[in-house]
Amino acid sequence: MVVLGAGPAGLVLGNLLLRSGIGCVILERATREHVQTRARAGFLAANTARVLARNGLDAGLRSRGREHSVCEFRTEDARFRLDYSRLGQGERHTVYPQQELVTDLLAQYLDAGGQILFEAEAVAVRDADGTRPWVEVRDADGRPSRWDARYVAGCDGRHGAARRSIPPGAVRRHHRNHGVSWLGVLAEAPPSLDAVGYALHPRGFAGHMARTPETTRYYLQCAPGTSPDAWPDDRIWDELTVRMRAADYGALRHGPIVQRAVVDLESDVLEPLRHGSLFLVGDAASLISPSAAKGANLAVLEAEILARALVDDLTKADPESLNRYSAQCLAYIWRAQEFSHWMIRLLHRAPGTDDEALFQDQLRRARIESLRTSRTHQDWFAENYVGV
Ligand code: APR
């Protein structure tokens, strides 16, 4: 088995295969240091914690993760909080930075004798439509090599070799740019509130998400195509202060901005998630906007589903689960896409000032008001917000 990519998807899959005695190698383009320090997602859903726990991969999460269950909305009309551990299915998030999860998973994989090559870039997956696929690989000095396998798992993200290797027309691509961009920053500053903050302001959306006691992620809606360099630290803090209505609800805790990037809110789903002997997992399978923090959770869930199916196929000669892999994961993916799409429409004004934009904006305000006042709506929100 060859696994491409050592993100959450590839490392969960690698650990589970290794534990079941299935020989595998992980090929990772970046260095070990790079994958262990890349700050990305941080909100793990209850189900993700359960997947990690039942596979014995949750020691770090249990000792250093922090439970989280409140989000706060600040709008032009009101401020309100939802404690989703008391709503819906009563579940919580665990805040645990992705780089720590990746570091844990990698250490466990190596301790169990797992094989991984860093700075090994997959160039292409060849002969995936047959039963002897192979991966063309290039090392950091450009030297080529070849890895043969029974199956290849593409856990190498949206721009990886797995997606690229599927011939045009063999799978359907559903792509949507939601027309909204966020400047995402990481501040070396303690969280400013004990909740995820969603601020809806005439100047645009602003978001606050705790990462660790010393670091916080903030988001600012910005014009599509904006350069992150147009946002020096002072401008970021000034804008966050206005949009989060710090004058009314409490000052923000400032600190240096150590990371900034502009992301377009996009959806991108391939269907099916399989091409012959090649399977797509995590970001390689589907991309989801960060509006509802679902990406890493889907990646872990899909990796477990694929690992179990591969074990059935390779150790019991039972291909049934493998044949169901794509349909099973797509059902979760589309539920998550639907909720993220709902969140995008909840958190952003329609652009422009024409009749349609004003109409849409009144619907958005009514939607927020319903969420503020209706227990039924809150239960639905909680179930989808923390679930996968
Ligand atoms: N060959 C080998 N490795 C590659 C290649 C390649 N051609 N291209 C990319 N990679 C590696 C990247 O360096 C990265 O380490 O694949 C890995 C993919 O990891 P992630 O991008 O973290 O993707 P995934 O494991 O699917 O996790 C997805 O986690 O960060 C969250 O929200 C984020 O949705 C995302 C989720």
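For ligands, and for the atoms within them, numbers begin at 1 and follow the listed sequence. One is the number of the first residue; the rest follow in order along the sequence. Small disclaimer: the values here were computed from a predicted structure and weren't measured.
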J.: Quick check: does any side chain N or O of His341 sit under 3.5 Å from a backbone N or O of Gln337, one acting as donor and the other as acceptor?
T.: no

J.: In plain terms, say whether Glu271 and Arg173 are close enough for a salt bridge, that is, a side-chain N and a carboxylate O under 4.0 Å apart.
T.: no

J.: For atom 23 (O) of ligand 1, tell me which residue out of Val123, Thr31, Asp283, Val281 has the closest non-hydrogen atom.
T.: Asp283

J.: Report, in ascending order of atom number, the atoms of ligand 1 lying under 4.0 Å from any heavy atom of Gly295.
T.: 32 (O), 34 (O), 36 (C)

J.: Return the orientation label for the Phe80 and Phe73 ring planes: parallel under 30°, perpendicular over 60°, tilted otherwise.
T.: parallel

J.: Give the numbers and elements of all ligand 1 atoms closer than 4.0 Å to a heavy atom of Gly160.
T.: 8 (N)

J.: Of the protein's non-hydrogen atoms, which lies at the shortest distance from atom 5 (C) of ligand 1, and what is that distance?
T.: Asp156 CB, 3.7 Å

J.: Are the charged groups of Arg158 and Glu266 less than 4.0 angstrom apart, N to O?
T.: yes

J.: Got a salt bridge between Arg372 and Glu369, using NZ or NE/NH1/NH2 to carboxylate O under 4.0 Å?
T.: yes

J.: Of all the heavy atoms in Arg38, does at least one lie under 4.0 Å from an atom in ligand 1?
T.: yes

J.: Quick check: is Phe339 connected to Ile344 through a chain of hydrophobic side chains (ILVMFWY, heavy atoms under 4.5 Å apart)?
T.: yes

J.: Spell out, yes or no, whether Leu16 and Tyr325 are grouped together once hydrophobic residues are joined by side-chain heavy atoms under 4.5 Å, including indirect joins.
T.: yes

J.: Going by the atom numbers of ligand 1, which of them fall below 4.0 Å from some non-hydrogen atom of Leu27?
T.: 2 (C), 3 (N)

J.: Could you list which atoms of ligand 1 come closer than 4.0 Å to a heavy atom of Gly282?
T.: 26 (O)

J.: Using the six-membered ring wherever Trp is involved, compare the ring planes of Trp380 and His377 and label them parallel, tilted or perpendicular (cut-offs 30° and 60°).
T.: tilted

J.: Could you check whether the rings of His68 and Tyr84 sit parallel, tilted or perpendicular, using 30° and 60° as the cut-offs?
T.: tilted

J.: Looking only at protein heavy atoms, which one is nearest to atom 19 (O) of ligand 1, and how far off is it?
T.: Gly7 CA, 3.5 Å

J.: Would you mind listing which atoms of ligand 1 come within a distance below 4.0 Å of any non-hydrogen atom of Val35?
T.: 15 (O)

J.: Could you tell me, atom by atom, which parts of ligand 1 come under 4.0 Å of a heavy atom of Glu121?
T.: 1 (N), 7 (N)

J.: Please walk me through it: do Asp148 and Arg132 pass salt bridge (charged side-chain N to carboxylate O under 4.0 Å, His left out)?
T.: CA-CA 7 Å; Asp148 290 78; Arg132 295 306 302 168; 5.4 Å; no

J.: To check your reading of the model: name the closest protein heavy atom to atom 11 (C) of ligand 1, its residue, and the distance in Å.
T.: Glu28 OE1, 3.3 Å

J.: What protein heavy atom sits nearest atom 27 (O) of ligand 1, and how far away is it?
T.: Pro8 CD, 3.5 Å

J.: For atom 31 (C) of ligand 1, which candidate among Arg40, Gln98, Arg29 provides the closest heavy atom?
T.: Gln98

J.: Ala120: heavy atom below 4.0 Å from ligand 1, yes or no?
T.: yes

J.: How does Cys155 reach ligand 1, if at all, at less than 4.0 Å between non-hydrogen atoms: by side chain, backbone, both, or neither?
T.: backbone

J.: Mark up the atoms of ligand 1 that fall under 4.0 Å of a heavy atom belonging to Ala9, in ascending order.
T.: 25 (O), 26 (O)

J.: What's the shortest distance from atom 1 (N) of ligand 1 to any protein heavy atom, and which residue and atom give it?
T.: Ala122 N, 2.9 Å

J.: Would you call the rings of His174 and Trp334 parallel, tilted or perpendicular, taking 30° and 60° as the class edges?
T.: perpendicular

J.: Could you check whether any heavy atom of Leu4 sits closer than 4.0 Å to an atom of ligand 1, since that is the contact criterion I want to use?
T.: no

